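Worksheet: one structure, shown below.
None of the values given here were measured: they were computed from a predicted structure. Values below: every heavy atom of this structure, side chains too, minus hydrogens, waters and symmetry copies. Whatever order the structure lists them in is the order used to number ligands and atoms, beginning at 1.
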Amino acid sequence: MSSERAFNVKMEDGLGIITFDVIGSPMNTWSEDTVTEFLELLEDLKKDETLKGLIFISGKPNAFFAGADLKLFTLLKTREETAKAISYFRNAFYEISSLRVPTMAAIQGFCVGGGLELTLACTARIAKDSKTTMLGLPECNVGLFPGAGGSQRLPRLIGYPAVDLMLNCNFLNAEKSHQIGMVDRFVPADGDLLEEAKTFLKEIISGKAQLKRPEHDFSDIDNVAEQARQKVLKKTKGRELPGRMLCIKSFQDGLKLSLEEGLKLEGEYFIDSILSDEAKGSINTFFLKNLTDKPKNMMTRGFEPKPLKKAAVLGFGTMGRGIVIDILRNMQVPVIVKDIPEALEPGKAFLRKIFDGMAEKKRLKVPVDDLMNLLTVTSEYTDDFKDVDIVVEAVFEDIKVKEEVYGELCKVVREDCLISSNTSSLPITTMSQYVTHPERFGGTHFFSPVWLMQLVEVIRGEKTSQDTVDNLLNFAASIRKRPIVCRDNPGFVVNAMLFPFLLNALQYVEEGNSIEKVDGAMTRFGMPVGPIRLTDEVGIDVPHKIFVGMGVEQKTLKNVVEDGRLGLKKSGKGFFLKDGSVDPEVLPLIAKREAKERTDEEIQTGLLTALIGVGRDLLDRQIVDDPRMIDVGMIWGTGFPSDKGGPLKWADLIGLSEKLFGKKFYKD
Ligand code: NAI
């Protein structure tokens, strides 16, 4: 515990002004220490007979109060310890609401989760307009719900609009919060929040300010709750995830009771949500997101990235175009693209079309013409390449072509120009021999369509220097990608994970389980699409070629590809018809195995087992140093359900990793 106090109180004409500022933290959050200190302070204030009212205000201009430290929740295992842990801040809020004097929350900056719940326990709220003043209850996004009074007090304050606010996790600014009645008074940006709060509180004490809350009629609560439940289930495709489901149950049941009884019930449901695997999975995803939101966190400490003032992309095909789009829109630096003459104009036209679409949706910071003017297209290695800082190669997947390209490229670029390949299957170490100064060469494996997929795998070849890895991470950050770092490996991380996953899925189909059943089991697990549809979308020839290269014979894929079915998008025919149903003509192409009917659970566990088997192997061979890299790859590269926290985290949570390998992937 810091020796400096987080809460400081100043008395002024009988008003106690409590300023909170958790020293050394950018946010004020609840921890056992801060709550203990807070409760002690309230005990002292209660004894003060001259006290007429209390104001809570933050010492941080951009942060009022966030909720509890999420890490705390992940460590809770039993009902008893969870009940004890949440009772700290739930009691603190209860104490505020039962003080004999009126209380006022003076809000400026982020006021979210348990921070907003604190204000809801006060008699009144006043909020000052500012860019960072945002009020909201985002707990459902991490598998929890507003269980420190929020699910009871907010509906009682503002009525049914509270339902969407909690379930959609919307943030509202000060003005909007005032409009819906979540705060009582609005202070404009140039106003003095503390002075206004004092005036307001004095008016409440003197009875001048009437705080008559509208009486809300909750007789229709069962209908409202049912509609909310259906809306949530539509989004989750029928999966009953505990956080939001318990939130609905909490206000549905709680609003039929007195506030006190409702709060008690909320507490029980809150414990259920905290102890759910989905909350722990979602919180893991929240931390994975934070880690990779700022790739600087992943660079060597103190590393100064090389400025990237000009870029080049080789190949203006599917991937090259996407990479250019992301460089131009995020970095706004000159980009040279090299391809054969026939590829140049279609590539430019494609870029313009995508940019126009983005501009229409107001997703571009600069006019389309300004972006297009930064682009130079060429079919020669001109002098323009001399001052390029980074080259991304995305030419045909053919080692001979790559060799030729690197040979020519290295004659024109500077010796310290960073070079990366977008190859999906060729070893970075093999290609590094074609690059002079191979330490400046590594992999940047993007996913298609590049401008929509957040993930990029940064690959360290045997000769790639740490500086290059750090610079490639900086490049990823500059184009707003979410990177993971790995060593050279067939399929790197994400595709390597998917190979056995697909092999197992095809095996189940060959055993007589229908494609719909196998895909359905995985969408019910939470994947956006099943493994067979994923293959159809990527191109059936892609895994087929990879399996052939690995010496694995997958008969169904072979039959389907030899029948000219490369996937619905790629060749007009694949496993599925346009209406989404399985093409009956593909059924005779499915190879036969000994029949074995499998349940949803068997399919899900079988495919998860395939994934984590690869995960274990990637860690054992040190392709990645950290299990989190694999989970980031699977969540943002394949849409693995974020409420499960990634395949490795999920296997830890459900006990599968300990059962199979005798240990967990994560340390805690
Ligand atoms: P693509 O066939 O759409 O485009 C390749 C482009 O490279 C063509 O426009 C071609 O004219 C050009 N090209 C060929 N030789 C060249 C040379 N000597 N100099 C300049 N340009 C040349 O291929 P795609 O799909 O864009 O793939 C490119 C690279 O990205 C490959 O290494 C591939 O493995 C990788 N990749 C592909 C993904 C995908 O989903 N398509 C995903 C991730 C990586």
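- Ring planes of Phe525 and Trp650: perpendicular class, angle over 60° (limits at 30 and 60°).
- For the 3.5 Å distance criterion, the side chains of Glu439 and Thr468 fail to qualify, holding no donor opposite an acceptor.
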For ligand 1, what N or O to protein N or O distances fall under 3.5 Å?
residue: ligand 1; atom: 3 (O); partner: Thr318; partner atom: N; Å: 3.0
residue: ligand 1; atom: 3 (O); partner: Thr318; partner atom: OG1; Å: 3.1
residue: ligand 1; atom: 9 (O); partner: Asp339; partner atom: OD2; Å: 2.6
residue: ligand 1; atom: 11 (O); partner: Asp339; partner atom: OD1; Å: 2.6
residue: ligand 1; atom: 11 (O); partner: Asp339; partner atom: OD2; Å: 3.4
residue: ligand 1; atom: 19 (N); partner: Lys338; partner atom: NZ; Å: 3.3
residue: ligand 1; atom: 26 (O); partner: Thr318; partner atom: N; Å: 3.3
residue: ligand 1; atom: 26 (O); partner: Met319; partner atom: N; Å: 2.8
residue: ligand 1; atom: 30 (O); partner: Asn422; partner atom: ND2; Å: 2.9
residue: ligand 1; atom: 32 (O); partner: Val395; partner atom: O; Å: 3.4
residue: ligand 1; atom: 32 (O); partner: Glu397; partner atom: OE1; Å: 2.5
residue: ligand 1; atom: 32 (O); partner: Lys402; partner atom: NZ; Å: 2.8
residue: ligand 1; atom: 34 (O); partner: Glu397; partner atom: OE1; Å: 3.0
residue: ligand 1; atom: 34 (O); partner: Glu397; partner atom: OE2; Å: 3.3
residue: ligand 1; atom: 34 (O); partner: Ser424; partner atom: N; Å: 3.4
residue: ligand 1; atom: 34 (O); partner: Ser424; partner atom: OG; Å: 2.7

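- Lys402 forms no cation-pi arrangement with Tyr434, by the criterion of a distance under 6.0 Å to the ring centre and an angle within 45° of the ring axis.
- Scored by the ring pair (Phe, Tyr, Trp, His ring centres under 6.0 Å) test, Phe661 finds Phe665 as partners (sequence neighbours excluded).
- Residue pairs meeting the salt bridge (Lys or Arg N to Asp or Glu O under 4.0 Å) criterion with at least one member in residues 527-549, sequence neighbours excluded: Asp541-Lys570.
- Screening residues 348-371 for ring-ring contact (aromatic ring centres under 6.0 Å, His included), with sequence neighbours left out, gives Phe350-Trp451.
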